[in-house]
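A short write-up of the structure that comes next.
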Protein chains: 2
Amino acid sequence: MVVQADDAVFRPVRAGNPFEETVERLLQAIKLGVVVPGDRLPPERELATRLNVSRVTLREAIHALTEAGYVESRRGRYGGTFVNEQLPKPRRTPAKRLARDLAAGLDDALTLRFVLETGAAEAAATRTLTDAERDHLQRCLADTNAATLTDYRRLDSRLHLAIAEVTGSPSLTSAMADVRMRLNELLDAIPLLQPNLDHSNEQHRAVVDAILAGDPQTARQTMQEHLAGTEALLRAFLE
Amino acid sequence: MVVQADDAVFRPVRAGNPFEETVERLLQAIKLGVVVPGDRLPPERELATRLNVSRVTLREAIHALTEAGYVESRRGRYGGTFVNEQLPKPRRTPAKRLARDLAAGLDDALTLRFVLETGAAEAAATRTLTDAERDHLQRCLADTNAATLTDYRRLDSRLHLAIAEVTGSPSLTSAMADVRMRLNELLDAIPLLQPNLDHSNEQHRAVVDAILAGDPQTARQTMQEHLAGTEALLRAFLE
DNA sequence: AGTCAATGGACTGGACGTAGACCAATAGAC
DNA sequence: GTCTATTGGTCTACGTCCAGTCCATTGACT
C-alpha cells in the first residue's frame with residue numbers, strides 16, 4: 001500500500017552540501033531582515049557551532065557572500081563580519097522563466113504559506129504577550145510602515161517573522177522563514193507599487209492590533225485577507 | 001538589531017550525519033504507516049537517489065533497521081526490503097523522563113501541530129478532490145476505525161497524513177509528518193483507552209465528512225476540537 | 001532446464017567536511 | 001606606549017560519505 005505519501009517521506013534527506021546550505025541560511029538571515037545592514041554576525045566560532053558546521057565551511061560560505069557583496073569582515077578584537085549597508089539588488093529574473101521553473105512548486109508553497117501565516121497570527125493572538133514582545137511587534141510594524149520601496153520586502157518579511165516569533169514556537173518561525181525564502185524570488189519579480197504597499201501597511205496594522213488585543217479570530221481573518229491580496233497579485237502577474 | 005529570531009535562522013544546518021537522518025526517515029515511513037507491514041520498500045538504488053544519500057549509507061540504515069526488527073531483506077529478482085509483519089513494540093520510556101527531556105520543546109511541537117493540522121483540514125476542504133483522493137481518505141478512515149489498540153497510533157497517523165496529502169501540498173505533508181514524529185514518543189507513553197479511541201473515531205469521521213463536503217470552516221473547527229482532546233490528555237498525563 | 005532481468009551485497013579511490021591547533025591583526029584597557 | 005583579549009585567517013591530519021563498479025542470488029518466463 002505504497003501511495004503518494006512516500007513522495008513526502010522519501011524526500012531528500014539533505015538539500016545540498018553543507019557549504020550551499022550554509023550560504024542559503026546566511027542569505028535567509030539577511031534577506032528576511034533578521035540581521036540588518038550594519039549588524040555584526042556572531043563570531044565565526046560561535047556561529048559555526050550553532051549552525052553545526054565546521055568553521056572552515058562557514059568561512060567558505062562567508063567568503064562567497066563577501067564576493068557577492070552582502071557582507072564584509074574585519075579582523076581584530078571588536079572586529080567581525082558585518083552586513084553591508086548597500087545590499088546587492090536581487091536580479092530580476094524574467095517572470096516567464098520563473099513561472100516555468102516554479103510552477104510546479106508554486107501551489108505547494110502558497111498553500112503552506114497560507115496555513116503557516118494564518119495559523120501564526122491566530123496563535124500569536126491566543127498567547128498573552130510580554131511587554132518586550134509587544135514592543136518588538138510594534139517596532140517591526142513601525143519600521144515596515146516607514147520603509148522605502150527598496151527596503152520594503154525585507155522589512156515586510158521581518159514583520160511577518162516577528163508575528164511567528166511571538167507564538168513562542170521556534171519551529172513555526174523556522175518553517176515560515178523557509179517558505180518565505182521559497183517565495184522571495186517570485187515576489188522580487190513583481191513590481192512594487194505604492195498603492196499596494198499602502199494597502200499592505202493598513203492590513204499589517206489591523207493584524208498586529210488584533211494580536212495585541214488578543215483576538216485570534218480577527219487576527220486570522222485579517223491575515224487571510226492580507227495573504228489573498230499578495231497571492232492574487234502574484235498569480236495575475238505570472239499568468 | 002539581532003533579536004531572538006536568529007535562534008530560528010541560525011539553527012543547525014543539519015540534524016546529524018546522513019546515516020542517522022536516513023534511519024529516522026525510514027522509521028518515519030514505518031511508524032506513520034506510509035508503508036505497512038508486508039510492503040516492499042523501493043529498490044535500494046532508487047530509494048538512495050530519492051533520499052539523496054549514497055547507496056552505502058542507505059544500506060547501513062537498512063541494516064540498522066533489520067537488526068532492530070523493523071524490516072527484512074531478500075535477494076534476487078522480486079526480492080527487496082520488506083516491512084516486518086510484527087513490528088517491535090515501542091519502549092515505554094517513563095513519562096517523567098520524557099516530560100523532563102521534552103518539556104522545552106513540547107509547547108513548540110504542540111503549537112506547530114495545531115497550526116499545521118487545522119490548516120491542513122481547512123485547505124483539504126477548500127480543494128475539489130478527485131475520486132481517487134476521496135477514496136483514499138475514506139479508506140484511511142475505515143482502516144483507522146477498524147484498528148486494534150496496538151495498531152491504532154500508526155493508522156491514526158496515516159489518516160492525518162492522508163488529510164495533508166489531499167491538500168496537494170507535499171511540503172505541508174512533510175512538515176506534518178515531522179512534527180508528528182516529534183510527538184510520537186510522548187504519545188506512546190500515554191496508555192490508550194477504548195473510550196478515548198471511540199471518541200477519536202467519531203471526530204475523525206466528522207473531519208473527513210466536512211472535507212468531503214467541502215466545508216472548510218467545519219473541517220477546521222472539528223479538527224481543532226480533536227486536537228484539543230489529545231493535547232489535554234497529553235498535558236494531564238505529563239503533569 | 002535454461003535464460004535473464006532485477007535486486008541485494010561488497011569493494012575501492014577520491015572528494016568533501018571536520019576538529020583542532022596555531023598565526024595575525026586590531027582596538028580598548030591600563 | 002604596552003598589554004591583552006577577541007576576532008578573523010591559515011594549515012594539517014583524519015574521518016565520513018559518495019560515485020562507480022562488479023559480484024551473488026533469485027524466481028518468473030520461455
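Treat the numbers as computed from the prediction; the structure is a model and nothing was measured. Below, read A as the first sequence line, B as the second, and so on, with proteins coming before strands; counting in each chain starts at 1.
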Please report the distance, rounded to the nearest Å, between [atom1] in [X] and [atom2] in [N].
X: Phe19(A); N: dA15(C); atom1: CZ; atom2: P; answer: 18 Å
X: Arg77(A); N: dG9(D); atom1: CZ; atom2: C1'; answer: 19 Å
X: Arg45(B); N: dA5(C); atom1: CZ; atom2: P; answer: 15 Å
X: Arg59(A); N: dG20(C); atom1: CZ; atom2: C1'; answer: 15 Å
X: Leu47(B); N: dT7(C); atom1: CG; atom2: P; answer: 12 Å
X: Arg55(A); N: dT10(D); atom1: CZ; atom2: P; answer: 10 Å
X: Leu51(B); N: dC17(D); atom1: CG; atom2: P; answer: 15 Å
X: Glu60(A); N: dC11(D); atom1: CD; atom2: P; answer: 13 Å

Problem set entry | Partners meeting side chain to side chain contact (heavy atoms under 4.5 Å, CB included) with Arg59(A) (sequence neighbours left out) | Glu44(A), Arg55(A)
Exercise. Counting just side-chain N and O atoms, does Thr57(A) come under 4.0 Å of either OP1 or OP2 of dT18(C)?
Worked result: yes
Exercise. Does Val71(B) reach the side chain of Ile30(B), with side-chain heavy atoms less than 4.5 Å apart?
Worked result: yes
Exercise. Below 4.5 Å, heavy atoms only, C-beta onward: do Pro42(A) and Phe10(B) meet side chain to side chain?
Worked result: yes
With the side chain of [X] defined as its heavy atoms from C-beta on, choose the nearest nucleotide among [options].
X: Pro43(B); options: dG8(C), dG8(D), dT18(C); value: dG8(C)
X: Tyr78(B); options: dG8(D), dG27(D), dC17(D); value: dG27(D)
X: Ser73(B); options: dG9(C), dG17(C), dG8(D); value: dG9(C)

Which value, rounded to the nearest 0.5 Å, describes the distance between [X] atom [atom1] and [Y] atom [atom2]?
X: Leu141(B); Y: Ile211(B); atom1: CG; atom2: CD1; answer: 10.0 Å
X: Glu60(B); Y: Ser54(B); atom1: CD; atom2: OG; answer: 7.5 Å
X: Leu172(B); Y: Phe114(A); atom1: CG; atom2: CZ; answer: 12.0 Å

Exercise. Would you say Glu46(A) has more than 12 foreign heavy atoms packed within less than 6.0 Å of its CD?
Worked result: yes
Exercise. Quantified as the angle between the terminal helix axes (five pairs each), what is the overall bend of the helix from dA1(C)-dT30(D) to dC30(C)-dG1(D) to 10 degrees?
Worked result: 10°
Problem set entry | Touch class at under 4.0 angstrom, heavy-atom based, for Arg74(A) against every strand present | sugar-phosphate
Problem set entry | Closest-nucleotide ordering on DNA chain C, the 5'-leading residue of Gly76(A) and Gly80(B) | Gly80(B)
